[in-house]
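What you see is a predicted model; the values in this text were computed from it and never measured. Within every chain, numbering begins at 1; the chains are lettered A, B, ... in the order of the sequence lines, protein sequences first and strands thereafter. Hydrogens, waters and symmetry mates play no part in the numbers below; they use all other heavy atoms, side chains included.
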Amino acid sequence: QQQVKQSPQSLIVQKGGISIINCAYENTAFDYFPWYQQFPGKGPALLIAIRPDVSEKKEGRFTISFNKSAKQFSLHIMDSQPGDSATYFCAARGTSGSRLTFGEGTQLTVNP
Amino acid sequence: NAGVTQTPKFQVLKTGQSMTLQCAQDMNHEYMSWYRQDPGMGLRLIHYSVGAGITDQGEVPNGYNVSRSTTEDFPLRLLSAAPSQTSVYFCASSYLLARDTQYFGPGTRLTVL
């Protein structure tokens with residue numbers, strides 16, 4: 001049972017464009033939502049994270065938008081660059097422990 | 001700090017063979033975990049540990065064993081390898097609190113023939 005659903009599976013964006021990746025979750029006990037970035041041949045690394053008491057968090061060109069009532073959250077990458085080409089994973093964690101549930105991943109390609 | 005290290009980077013096994021994937025961290029993290037990554041399926045939790053001597057099953061534990069004798073090390077054992085275990089395996093660690101960042105190792109690419 002996939003508790004976190006991520007879309008799209010792949011995304012191609014032109015340099016300077018906006019990349020948008022969406023995630024939806026089912027478990028209302030989730031209360032921490034990180035995004036991880038993974039480059040080829042490397043392990044995932046934390047990019048940005050949000051808690052449900054805020055609707056948006058911005059760090060540089062990366063923004064998480066959070067809709068608690070819809071149980072959805074999304075990653076926006078402004079002014080996308082070829083160096084942003086990577087696989088992005090959303091995730092969610094509940095209050096009872098440190099276990100992360102990951103989405104399926106989105107392979108982002110930013111063309112120059 | 002070396003962070004989270006994993007060995008080997010690549011491994012090819014024949015069906016039925018056993019092996020141990022090694023994971024070590026030097027950040028004094030209490031929480032360690034193993035994930036497998038398969039195309040279109042994200043990262044799925046295999047086993048995890050909240051401290052030395054304590055382990056528990058994750059989402060896909062069948063065919064794998066773990067132990068945690070020290071804070072630093074968390075090896076993953078494949079008892080009798082099957083082609084379905086062909087995957088990329090990642091070890092991760094974090095401080096125990098639920099809000100802490102998980103740090104991932106570089107991964108082990110395993111092929112079972």
Side-chain angles (χ1 to χ4, degrees), chain A residues 1-11 21-27 29-54 57 59 75 86-108, chain B residues 2-10 21 23-25 27 29-51 54-61 68 74 87-109:
Chain A
Q1 180 185 2
Q2 189 72 34
Q3 296 192 55
V4 179
K5 289 197 172 294
Q6 183 173 347
S7 63
Q9 188 172 10
S10 63
L11 180 63
I21 304 171
N22 300 299
C23 284
Y25 64 96
E26 301 167 1
N27 189 345
F30 289 148
D31 71 345
Y32 175 69
F33 302 90
W35 285 88
Y36 280 78
Q37 180 187 54
Q38 183 184 30
F39 292 106
K42 305 291 185 182
L46 180 67
L47 180 64
I48 187 172
I50 196 169
R51 299 181 189 183
D53 52 348
V54 298
K57 183 174 182 179
E59 290 184 1
L75 176 70
T87 300
Y88 293 81
F89 293 97
C90 63
R93 186 156 57 195
T95 56
S96 59
S98 297
R99 295 176 57 168
L100 280 174
T101 299
F102 284 87
E104 299 92 331
T106 296
Q107 186 168 346
L108 172 66
Chain B
V4 180
T5 58
Q6 292 183 237
T7 56
K9 297 192 84 170
F10 303 94
L21 307 185
C23 174
Q25 53 88 14
M27 297 175 282
H29 285 167
E30 291 294 328
Y31 181 83
M32 296 186 73
S33 55
W34 277 100
Y35 295 88
R36 60 177 290 173
Q37 182 178 10
D38 303 290
M41 303 191 75
L43 292 148
R44 292 181 294 168
L45 183 65
I46 303 172
H47 285 285
Y48 66 99
S49 169
V50 298
I54 306 169
T55 63
D56 206 347
Q57 296 182 352
E59 184 184 352
V60 288
R68 185 94 180 270
F74 190 44
S87 187
V88 182
Y89 291 85
F90 289 99
C91 178
S93 74
S94 70
Y95 291 108
L96 188 57
L97 295 177
R99 305 296 179 267
D100 293 319
T101 301
Q102 287 209 16
Y103 295 88
F104 284 81
T108 295
R109 183 174 292 275

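- Closest of all the heavy-atom pairs between B:Phe90 and A:Gln38 is CZ-NE2, 3.2 Å.
- Taking the ring-ring contact (aromatic ring centres under 6.0 Å, His included) definition, one finds that B:Phe104 meets it with A:Tyr36, B:Tyr35, sequence neighbours left out.
- A:Pro34 does not touch chain B: none of its heavy atoms, backbone or side chain, sits under 4.5 Å away.
- Listed by chain and number, the residues in a side chain to side chain donor-acceptor pair (under 3.5 Å) with B:Tyr89 are B:Tyr64 (sequence neighbours excluded).
- Top candidate by heavy-atom pairs under 4.5 Å with chain B, chosen from A:Gln6, A:Gln107, A:Lys42, A:Gln9, is A:Lys42.
- Between A:Phe89 and B:Gln37 the shortest heavy-atom distance is CZ-NE2, 3.1 Å.
- Proximity to chain A (any heavy atom under 4.5 Å) is restricted, for B:Leu45, to the side chain, taken from C-beta onward.
- Note: A:Leu100 CG to B:Ser94 OG = 8.0 Å, rounded to the nearest 0.5 Å.
- At a threshold of 4.5 Å between non-hydrogen side-chain atoms, the residues B:Gln102 and A:Arg93 count as touching.
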